[in-house]
Amino acid sequence: MNPATCNTLLHVCRQSSRNCPPWVFRRESHWQTSLLTLRSTLPMRAEPRKKKKVDPKREQAVRERMKKKLKKLERIPPQLIPIEDFTRPAMLLDDTRVRRPPQLPVEEQERRALLMKKWALHKQQEHEAEIKSVESLLEAQREALQELRLESEELYNAAMRCDSELLPLEKRGPCHTPPIPQYSAPEGKYNDITKVYTQ
């Protein structure tokens with residue numbers, strides 16, 4: 001049953017129910033409900049959509065335009081994202097901004113020069129003591145290896161073998177304060193001012 005026939009039957013049924021007495025309407029109410037639900041239960045046949053006619057010339061023109069745009073983009077070199085750390089702000093390039101060193105009195109200059117000489121002498125003595133300690137350790141190691149070789153060749157070879165477990169070496173140094181157990185560090189608040197560049 002097509003939709004037009006269904007609509008006609010519904011219209012006739014409504015007209016007859018208005019003109020008929022109440023007892024007739026009660027007796028024929030099942031027809032009324034069945035016809036009312038008939039439209040919702042029957043599958044409606046949707047009209048097929050009309051296919052758009054594609055103009056081949058228009059498609060070819062669109063493709064040509066896209067090719068031209070791609071060629072233009074290939075000619076233009078890609079813009080590099082600037083690194084702000086390598087660019088100095090313009091206010092720092094002002095030649096008039098000159099920081100003059102403070103004028104120290106002669107006594108202060110002599111005191112600083114003497115202090116630098118003492119510090120250089122101290123670091124030189126520290127360096128020489130460190131070199132001597134390392135040389136004494138190496139000499140003691142050589143003597144120990146020679147004595148070990150005289151005792152047993154197998155122990156000497158085992159001592160000269162490289163230990164693969166030494167590297168990579170992970171070592172933790174002392175902290176300023178002892179660690180707090182079950183402590184979760186706060187993330188803190190900050191404003192992200194990173195510039196986003198698009199190619």
Side-chain angles (χ1 to χ4, degrees), residues 59-60 62-199:
E59 275 193 0
Q60 188 69 21
V62 171
R63 288 178 184 172
E64 292 293 332
R65 268 190 248 117
M66 289 296 293
K67 286 181 181 178
K68 286 182 181 178
K69 286 182 180 179
L70 289 173
K71 284 183 180 177
K72 284 183 180 179
L73 290 174
E74 287 176 357
R75 289 175 193 167
I76 300 172
Q79 293 183 354
L80 300 176
I81 297 174
I83 301 173
E84 295 182 357
D85 296 338
F86 295 164
T87 57
R88 289 182 292 176
M91 60 176 295
L92 299 179
L93 300 175
D94 190 6
D95 295 335
T96 59
R97 296 178 74 249
V98 179
R99 179 179 293 178
R100 295 173 184 174
Q103 296 293 331
L104 297 174
V106 180
E107 294 83 6
E108 181 66 20
Q109 292 179 6
E110 290 180 355
R111 189 187 71 82
R112 290 188 181 185
L114 185 61
L115 186 63
M116 287 298 296
K117 288 179 182 179
K118 288 182 179 180
W119 175 252
L121 181 61
H122 168 70
K123 294 302 289 182
Q124 181 184 358
Q125 292 173 354
E126 184 182 3
H127 177 64
E128 290 175 354
E130 186 178 356
I131 288 176
K132 286 179 181 178
S133 64
V134 171
E135 287 179 352
S136 64
L137 289 173
L138 289 173
E139 186 63 30
Q141 184 184 22
R142 287 193 210 99
E143 291 178 1
L145 287 173
Q146 287 176 4
E147 293 294 331
L148 183 63
R149 192 167 193 178
L150 294 174
E151 291 291 332
S152 173
E153 190 72 24
E154 294 179 0
L155 292 176
Y156 174 78
N157 293 331
M160 293 298 293
R161 194 178 301 120
C162 292
D163 190 0
S164 59
E165 296 181 359
L166 288 177
L167 296 174
L169 179 64
E170 294 183 3
K171 194 174 181 181
R172 290 188 62 184
C175 302
H176 292 289
T177 57
I180 302 173
Q182 298 178 356
Y183 175 74
S184 59
E187 294 182 358
K189 296 181 181 179
Y190 64 94
N191 295 326
D192 190 5
I193 57 172
T194 307
K195 295 181 181 178
V196 180
Y197 296 92
T198 56
Q199 293 287 345

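Each side chain to side chain donor-acceptor pair (under 3.5 Å) pair with one or both residues in residues 99-111, not counting sequence neighbours, appears once here: Glu108-Arg111, Glu108-Arg112. Listed by first and then second residue, the ring-ring contact (aromatic ring centres under 6.0 Å, His included) pairs involving residues 87-124 are Trp119-His122 (not counting sequence neighbours).
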(request) Let me see the working for Leu145 and Arg149 under side chain to side chain contact (heavy atoms under 4.5 Å, CB included), right down to the final yes or no. (result) CA-CA 6 Å; Leu145 287 173; Arg149 192 167 193 178; over 6 Å; no
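Remark: Glu147 pairs with no residue by the side-chain hydrogen bond (donor to acceptor under 3.5 Å, both in side chains) rule, at least two apart or across chains. Contacts of Asn191 classified as side-chain hydrogen bond (donor to acceptor under 3.5 Å, both in side chains), with partners at least two apart in sequence or in another chain: none. Checked against side chain to side chain contact (heavy atoms under 4.5 Å, CB included), Gln124 has the following partners two or more places apart in sequence or in another chain: Leu121, Glu128. Under the salt bridge (Lys or Arg N to Asp or Glu O under 4.0 Å) criterion, Lys117 pairs with no residue at all, not counting sequence neighbours. Residues that satisfy the side-chain hydrogen bond (donor to acceptor under 3.5 Å, both in side chains) test with Lys123, not counting sequence neighbours, are Glu126.
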Kindly list each side-chain donor-acceptor pair under 3.5 angstrom involving residues 156-182, sequence neighbours excluded, with atom names and distances?
residue	atom	partner	partner atom	Å
Asn157	ND2	Glu153	O	3.2
Asp163	OD1	Glu165	N	3.2

Side chains of residues 132-142: which donor-acceptor pairs under 3.5 Å do they make with residues two or more places apart or in other chains?
residue	atom	partner	partner atom	Å
Ser133	OG	Ala129	O	3.4
Ser133	OG	Glu130	O	2.7
Ser136	OG	Lys132	O	3.3
Ser136	OG	Ser133	O	2.7
Glu139	OE1	Arg142	NH1	2.8

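Of the listed residues (Met66, Arg65, Glu59), just one forms a side-chain contact (heavy atoms from CB on, under 4.5 Å) with Arg63, and that residue is Glu59.
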